[in-house]
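Report on one structure; see the data block that follows.
When reading the values below, keep in mind they use all heavy atoms of this one structure, side chains included, and skip hydrogens, waters and symmetry mates.
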Amino acid sequence: MYAHLQNKARTTPPVSLTTLRNMKEKGEKIASLTAYDASFGILMDEAGVDVVLIGDSLGMVIQGRETTVPVTMDDILYHCKAVSRGLYRGLLMADMPFMSYTNKHQARDNAARLMQEGGAKMVKLEGGSRQMKIVDFLAHSDIPICAHIGLTPQSVHKIGGFRVQGRGSEAADRLINDAKSLEEAGADVILMECIPAELGAVITSEVSVPVIGIGAGPGTDGQILVLYDILDITTGRKPRFSHNFMQGQESITDALRAYVAAVKNGDYPAEQHCFV
């Protein structure tokens, strides 16, 4: 009974939105990773990962698909439930999969499932200013939201592949406007993917909510990577921004701790991980 009071006795309380806002204000970097099962949830808590994402990247790294588009709500829910059983400290965030938020009522119902059934504390959806109405509706339903801009993998067929976004003044201005508009609509966190490092720093300074980057340079408030990339499990060509943190480590937990430390002290991302 009253688990929230029992948890206060723990030495490492759960990460909340307040925690993330305070980290931004203090300049402490946010270390985030994707996860897909309870075992890695436990290890990520031990390593000090702040935000754990049930990413629709599972379609590619777990299911072997070419894109994230085929991933369903049932897929995300299954993995969300699994990770939530092993996670205590990290804030659990879940992707809203392709076509699961085409209107505000569908978005609310699916977000509610991820929180009530899956144990998520925040949902993430892709898209810029066009998602303002949905973000506003979810925010007014007390659903914490991470808005994903830049390269949005669910739009890969529309944008013509996995390409860096925000190059050129017009495209950069559009992303800056997207971030500001989404914050105004009620987004609690902004996630930016595959944009020039300089633009990543500008957007981070232009909004008051925490900004987490993946291939968005070192100037963001935090970083996120795909778990299988940092453990060197992913085969074939890897994204420019990925890094093998298993190298030189004796265990998976050591690799996770090395990643968290590298994000916190600013060693990751380095110049070779960034776009211009």
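- Although no hydrogens or angles enter the test, the distance criterion places no donor-acceptor pair under 3.5 Å between the side chain of Q223 and the main chain of P269.
- Here the OG1-CD1 distance, from T204 to I190, works out to 10.0 Å after rounding to the nearest 0.5 Å.
- The two residues G41 and L87 make their nearest non-hydrogen contact at O-CD1, 3.5 Å.
- Contact annotation: the side chain of L33 approaches that of L225 to within less than 4.5 Å [non-hydrogen atoms, C-beta and beyond].
- Just one residue in the list Q131, K124, Q154 forms a side chain to side chain donor-acceptor pair (under 3.5 Å) with H148, and that residue is K124.
- Each of L53 and F98 belongs to its own hydrophobic cluster when Ile, Leu, Val, Met, Phe, Trp and Tyr are linked at side-chain heavy-atom distances under 4.5 angstrom.
- For CD of E198, the number of neighbouring non-hydrogen atoms (other residues, nucleotides, ligands) closer than 6.0 Å is 12 at most.
- The shortest non-hydrogen separation linking T220 to V211 is CB-O, 3.7 Å.
- M60 and V226 fall into different hydrophobic clusters, where Ile, Leu, Val, Met, Phe, Trp and Tyr residues are linked whenever their side-chain heavy atoms come under 4.5 Å apart, directly or through other members.
- Annotation: K238, atom NZ; neighbour count of heavy atoms from other residues, nucleotides and ligands within 6.0 Å is above 12.
- Considering every non-hydrogen atom in both K81 and S84, the closest pair reads O-OG, 2.8 Å.
- With rounding to the nearest 0.5 angstrom, the CG atom of D188 is 5.5 Å from the CE atom of M122.
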Start with the C-alpha gap between M96 and I134, add the side-chain angles, then the distance that decides, and say whether side chain to side chain contact (heavy atoms under 4.5 Å, CB included) holds.
CA-CA 12 Å; M96 299 278 284; I134 288 178; over 6 Å; no
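- For the pair D45 and I42, the minimum side-chain heavy-atom distance is 4.5 Å or more.
- For the residue pair A107 and Y101, the shortest heavy atom distance occurs at CB-CB, 3.5 Å.
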Please walk me through it: do T234 and D229 pass side-chain hydrogen bond (donor to acceptor under 3.5 Å, both in side chains)?
CA-CA 5 Å; T234 306; D229 288 349; 2.6 Å; yes
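- Tracing side-chain contacts under 4.5 Å through hydrophobic residues (I, L, V, M, F, W, Y), one reaches V207 starting from L20; they form part of the same cluster.
- Here the side chains of V49 and V15 are not in contact, with every heavy-atom distance at 4.5 Å or above.
- Of the possible donor and acceptor atoms, none in the side chain of T152 sits under 3.5 Å from a partner among the backbone N and O of I149.
- A 6.0 Å sphere centred on CD of Q247 holds no more than 12 heavy atoms belonging to other residues, nucleotides or ligands.
- Between M93 and P144 there is no side-chain heavy-atom pair separated by less than 4.5 Å.
- M44 and Y88 fall into different hydrophobic clusters, where Ile, Leu, Val, Met, Phe, Trp and Tyr residues are linked whenever their side-chain heavy atoms come under 4.5 Å apart, directly or through other members.
- K180 and E184 are not joined by a salt bridge, as no carboxylate oxygen comes within less than 4.0 angstrom of a charged side-chain nitrogen.
- Not a single donor-acceptor pair under 3.5 Å links the side chain of R130 to the backbone N or O of G127.
- In this structure, OG1 on T72 lies 14.0 Å from CE on M99, to the nearest 0.5 angstrom.
- When the side-chain contact (heavy atoms from CB on, under 4.5 Å) test is applied to F275, the partners found at least two apart in sequence or on another chain are V164, R167, C194, R240, F241.
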Set out, in order, the CA-CA distance, both residues' side-chain angles and the distance that settles side chain to side chain contact (heavy atoms under 4.5 Å, CB included) for Y228 and I62, then state yes or no.
CA-CA 9 Å; Y228 284 21; I62 300 291; 3.2 Å; yes
Begin from the C-alpha positions of S57 and Y36 and carry the test side-chain hydrogen bond (donor to acceptor under 3.5 Å, both in side chains) through to its verdict.
CA-CA 10 Å; S57 53; Y36 315 102; 2.7 Å; yes
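- Looking at Q165 and I159, their side chains come closer than 4.5 Å, going by heavy atoms from C-beta outward.
- Formation of a donor-acceptor pair under 3.5 Å by the N244 side chain with backbone atoms of M246 is found in this model.
- Looking only at distances, no side-chain donor or acceptor of K121 sits under 3.5 Å from a matching main-chain atom of S16.
- The hydrophobic clustering, which links ILVMFWY residues whose side-chain heavy atoms are closer than 4.5 Å, places I252 and I233 together.
- A donor-acceptor pair is defined here as one N or O able to donate and one able to accept, closer than 3.5 Å; such a pair exists between the side chain of N110 and the backbone of S100.
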May I have the step-by-step check of side chain to side chain contact (heavy atoms under 4.5 Å, CB included) for V135 and L125, ending in yes or no?
CA-CA 9 Å; V135 169; L125 53 83; 4.1 Å; yes
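- In this structure, the side-chain contact (heavy atoms from CB on, under 4.5 Å) partners of S181, at least two apart in sequence or on a different chain, are S129, M132, N177.
- Taken from CZ in F245 to CG in D254, the straight-line distance is 13.5 Å, to the nearest 0.5 Å.
- A donor-acceptor pair is defined here as one N or O able to donate and one able to accept, closer than 3.5 Å; no such pair exists between the side chain of D37 and the backbone of A82.
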Working note: I195 + I203, criterion side chain to side chain contact (heavy atoms under 4.5 Å, CB included); need CA distance, chi angles, decisive distance, verdict.
CA-CA 11 Å; I195 65 172; I203 293 175; 4.3 Å; yes
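- For the atom pair OG1 (T34) and CD1 (I230), the distance works out to 8.5 Å, reported to the nearest 0.5 Å.
- S32 approaches I212 most closely through the heavy-atom pair OG-CD1, 3.7 Å.
- Looking at heavy atoms from C-beta onward, I224 lies out of side-chain contact with V51 at the 4.5 angstrom threshold.
- Residues D221 and M23 form no side-chain contact, since every pair of their non-hydrogen atoms from C-beta on lies 4.5 Å or further apart.
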Worked check of salt bridge (Lys or Arg N to Asp or Glu O under 4.0 Å) between R174 and E170:
CA-CA 6 Å; R174 190 180 308 116; E170 183 177 342; 3.5 Å; yes
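- For an aromatic pair to be called close, the ring centres must be under 6.0 Å apart, and Y259 with H243 fails this.
- Using a 4.5 Å heavy-atom threshold, the side chains of D75 and Q63 count as touching.
- Judged as a salt bridge (Lys or Arg N to Asp or Glu O under 4.0 Å), the pairs with a partner in residues 262-276 (not counting sequence neighbours) are, in order, E28-K264, D50-K264.
- In terms of heavy atoms, A139 sits closest to A185 at CB-O, 4.0 Å.
- In this structure, CD1 in I214 is found 12.0 Å from NE2 in H273, a value given to the nearest 0.5 Å.
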